[in-house]
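Heads up, the thing below is written out as structure tokens.
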Amino acid sequence: MRDPVVLAERVTKVYPNGVKANVDVSIVVRDCEVVCIMGPNGAGKTTFVRQVMGMLKPTSGVIRVFGVDPAEKQDYVRRRISYTPQLPLTFPAHKVLEVAEYIADLSGTPRSTVREVLEKLGLWDIRERLGYQLSIGQRKLLLLAMSLIKGGDLMILDEPTRPY
């Protein structure tokens, strides 16, 4: 049997100020599974996502993503992960299409995928709009489009439905 996509065993993160972001978290995510991690604000969900992506090291416990420690192999892991952050970013001076094509070019994705994704998410008709002209919902959709355009073996969506 292949390694899990994500394996976390008894992961705890305590920040230098003593705040415990997550305590004793264990999870196994296998290929083709859809997993939802739920909890109240401040429960450590985003911290856990950052640990999976290798941006934060756990205080204790073990995390393996695609069989490697994500903190030690960040480049490898990040190439394989498509991430949508929880807060809608703005690209105020750039058009929707420009942002999407930039992500495609960075990730080596064919430009034809850009149109396909933008159409599916209802963003094609506003492709010439600048970032500052987008509603918060449209900004979140653009973030999702960026993740779908980049592609990868693991997609992480941090609070994809929460309105801001």
Side-chain angles (χ1 to χ4, degrees), residues 5-6 8 13 15-17 19 21-22 27 29 31-58 63 65-66 68-164:
V5 174
V6 177
K13 179 63 181 177
Y15 287 104
N17 64 1
V19 171
N22 48 41
I27 189 170
V29 180
D31 195 31
C32 297
E33 285 187 328
V34 175
V35 175
C36 176
I37 299 173
M38 296 176 62
N41 289 340
K45 300 177 299 292
T46 298
T47 295
F48 184 70
V49 164
R50 290 179 180 152
Q51 291 168 314
V52 167
M53 294 180 59
M55 298 163 63
L56 288 174
K57 276 188 87 73
I63 294 182
V65 179
F66 307 114
V68 301
D69 181 334
E72 292 178 8
K73 303 282 187 180
Q74 281 188 22
D75 288 344
Y76 171 74
V77 170
R78 286 189 185 176
R79 276 193 303 272
R80 296 187 68 185
I81 292 177
S82 179
Y83 171 64
T84 301
Q86 64 179 321
L87 295 175
L89 303 173
T90 55
F91 305 93
H94 296 282
K95 296 176 183 178
V96 167
L97 185 59
E98 291 172 334
V99 172
E101 287 177 339
Y102 178 69
I103 295 302
D105 292 345
L106 280 178
S107 60
T109 302
R111 290 254 176 126
S112 59
T113 301
V114 170
R115 181 176 182 139
E116 178 183 330
V117 168
L118 293 181
E119 283 180 345
K120 284 183 179 177
L121 295 178
L123 296 173
W124 184 251
D125 291 343
I126 62 166
R127 66 188 174 277
E128 296 298 318
R129 246 189 233 169
L130 298 172
Y132 79 89
Q133 297 171 313
L134 301 178
S135 71
I136 292 172
Q138 291 167 332
R139 291 175 189 174
K140 291 205 60 124
L141 281 173
L142 180 54
L143 286 175
L144 178 59
M146 292 164 62
S147 289
L148 292 170
I149 290 165
K150 177 186 182 281
D153 300 311
L154 173 63
M155 178 177 273
I156 297 176
L157 309 174
D158 193 354
E159 299 205 35
T161 61
R162 182 176 178 165
Y164 286 92

Just to verify, what does Tyr102 make a side chain to side chain donor-acceptor pair (under 3.5 Å) with, not counting sequence neighbours? none

Does any part of the side chain of Leu121, heavy atoms only, come nearer than 4.5 Å to the side chain of Leu148, both counted from C-beta? yes

Closest contact, heavy atoms only, Tyr15 versus Ala21: CE1-CB, 3.4 Å

Checking Arg80 now: which residues fulfil salt bridge (charged side-chain N to carboxylate O under 4.0 Å, His left out) with it, not counting sequence neighbours? Asp153

Can you confirm whether Met146 sits close enough to Phe91 that some side-chain heavy atom of one is under 4.5 Å from a side-chain heavy atom of the other? yes

Tell me the closest heavy-atom pair linking Met53 and Val77, and the distance in Å. O-CG1, 4.5 Å

Side-chain heavy-atom pair Gln138, Arg129 within 4.5 angstrom cut-off: yes

Between Gly151 and Ser82 the two heavy atoms that sit nearest each other are O-CB, 3.3 Å

Do any pairs count as a salt bridge (charged side-chain N to carboxylate O under 4.0 Å, His left out) and have a residue in residues 31-47, sequence neighbours left out, and if so which ones? Arg2-Asp31

Filter on salt bridge (charged side-chain N to carboxylate O under 4.0 Å, His left out), then keep only pairs touching residues 117-126, sequence neighbours left out; what's left? Arg115-Glu119, Glu116-Lys120

Only pairs under 3.5 Å count here: list side-chain donor-acceptor contacts from residues 93-101, not counting sequence neighbours, and write none if there are none.
unit_1: Lys95; atom_1: NZ; unit_2: Glu128; atom_2: OE1; d: 2.9
unit_1: Glu98; atom_1: OE1; unit_2: Lys95; atom_2: N; d: 2.8
unit_1: Glu101; atom_1: OE1; unit_2: Arg111; atom_2: NH1; d: 3.4

Does Val52 reach the side chain of Tyr83, with side-chain heavy atoms less than 4.5 Å apart? no

Residues Thr47 and Asn22: side-chain donor-acceptor under 3.5 angstrom: no

Counterpart residues, side chain to side chain contact (heavy atoms under 4.5 Å, CB included), relative to Thr109 (two or more places apart): Ala104, Ser107, Thr113, Ile149

